[in-house]
Amino acid sequence: MKTVETELYRHQLAEAAALQIELSKSIVLQPFKGSIRHIAGVDAAFIDNSIIAAACLYEFTPDKEISKKHLQKTDEKTVLRNVEFPYIPGFLSFREAPAMIEALRALESTPDVILVDGQGIAHPRGFGLASHIGVLMGLPTIGCAKSRLIGNYTEPDTVKGSTSELLIGIKKVGTVLRSRNNVKPLFISPGHLVDFNDSVRIVLECTTNYRLPQPIRCAHNLAGARKLKVVGH
DNA sequence: GCGACAG
DNA sequence: ATCTTGTCGC
């Protein structure tokens, strides 16, 4: 019995991995095209067998006067769905991407670029959550993870803006970025339709007083808030 | 065989 | 991700 289940499980994972490898061929790494007006952030929270995906939309306002109010929240959406895939390192997108994409599509404007709480191409098969969402939606995405999944690196300097390369052998797959002074670094990797430099540049443009870029922080808090309402009453 | 391992 | 208060540090 247990061996049969194990075999089925193995087949499903093998299929999922094959899909990632196939879809990864569609990834386009290139400098970001055009200008950014709308930028979104996505994250998720969990309750029992449900997932709450949250998407926050921000807009860059051309106000050169107020340098600190360049980013304004324009919209936010949450989605509550049943979870149909377990958490397995390397297969996170099959658990979170469906609900996240629904939340992103619900936004009143299509974002020019999306910041995702997870890896982009810094993944065993070069197809992390950010790349998955980017390719399926046909939109630019950037992977912004709080910890490492794969790759080697040297600790970047403790000063904000310091970076080091995330490498798999001699191949660069991402950038380890110190988003604030004396905080654990973020692992930035292109998801789709952006390159290494623009990924880091865009993340920094959305990061001010916290470790995480504003759109992702907002999505994180929103998912948590929605969760409290659900469990509250 | 022994670790590592996004959220 | 989630379970969880106070507490150390800039």
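All chains are named by letter (A, B, ...) in the order of the sequence lines, taking the proteins before the strands, and each is independently numbered beginning at 1. As the structure is a computational prediction, the values presented were derived from the model and not from experiment. Only this structure's heavy atoms are used, side chains among them; waters, hydrogens and symmetry mates stay out.
The distance from atom NZ of A/Lys184 to atom C1' of B/dG7 is 13 Å, rounded to the nearest whole Å. Counting to the nearest Å, the P atom of B/dA6 and the CZ atom of A/Phe94 are 17 Å from each other. As a whole-Å value, the separation of A/Arg95 CZ from B/dG7 P is 13 Å. Rounded to an integer number of Å, the gap from A/Asn49 CG to C/dT2 P is 14 Å. Here the C1' atom of nucleotide B/dC5 and the CZ atom of A/Phe187 are 13 Å apart, to the nearest Å. Whole-Å rounding puts the A/Leu149 CG to B/dA6 P distance at 6 Å. Distance CD1 (A/Ile133) to P (B/dA6): 17 Å, rounded to an integer number of Å. To the nearest angstrom, C1' of C/dC10 lies 15 Å from NZ of A/Lys160.
Residue A/Ser147 has a polar side-chain atom (N or O) positioned under 4.0 Å from OP1 or OP2 of B/dG7. Applying the 4.0 Å criterion to OP1 and OP2 of B/dG7, one finds that A/Lys146 has a side-chain N or O inside that range. Side-chain nitrogen and oxygen atoms of A/Arg148 include at least one within less than 4.0 Å of the OP1 or OP2 phosphate oxygen of B/dC5.
Residues A/Tyr9 and A/Ile88 form a side-chain contact, since some pair of their non-hydrogen atoms from C-beta on lies under 4.5 Å apart.
In terms of position on DNA chain C, the residue among A/Asn182 and A/Lys227 whose nearest nucleotide sits closer to the 5' end is A/Lys227.
Residue contacts for A/Gly90: at a heavy-atom cut-off of 4.0 Å it reaches a base atom on one of the strands shown. Heavy atoms of A/Ala122 sit nowhere under 4.0 angstrom from any nucleic acid atom. A/His132 comes within contact range of no nucleotide atom at all, as no heavy-atom separation falls under 4.0 Å. No contact: A/Phe127 has no heavy atom under 4.0 Å from any strand. Here A/Asp117 lies in heavy-atom contact (under 4.0 Å) with sugar-phosphate atoms only.
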| message | For a ring pair (Phe, Tyr, Trp, His ring centres under 6.0 Å) check, start with the C-alpha distance between A/Phe127 and A/His132, then their side-chain angles and the critical distance, and finish with the verdict. | response | CA-CA 6 Å; A/Phe127 204 67; A/His132 194 112; 5.4 Å; yes

| said: side chain to side chain contact (heavy atoms under 4.5 Å, CB included), that's the test. Do A/Leu80 and A/Ile51 meet it? Break it down for me. | reply: CA-CA 6 Å; A/Leu80 176 62; A/Ile51 174 177; over 6 Å; no

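Residue A/Asp43 has its side chain nearest to B/dG7 when only B/dA6, B/dG7, B/dA4 are considered. Side-chain atoms of A/Ala45 lie closest to C/dT2 of the nucleotides B/dA6, B/dC5, C/dT2. Of the candidate nucleotides B/dC5, C/dA1, B/dG7, B/dG7 has the atom lying nearest to any side-chain atom of A/Ala145. Here the nucleotide nearest the side chain of A/Phe46, chosen from C/dA1, B/dC5, B/dA6, is C/dA1.
If you chain together hydrophobic residues whose side chains sit under 4.5 Å apart, A/Leu167 and A/Leu149 never meet in one group. Linking ILVMFWY residues whenever their side-chain heavy atoms come closer than 4.5 Å, directly or via other members, places A/Ile202 and A/Leu212 in the same cluster.
Of the possible polar contacts, one joining the A/Thr141 side chain to the A/Ala130 backbone as a donor-acceptor pair under 3.5 Å is found.
Aromatic stacking of A/Tyr87 on B/dG7: satisfied, with centres closer than 5.5 Å and planes within an angle under 30 degrees.
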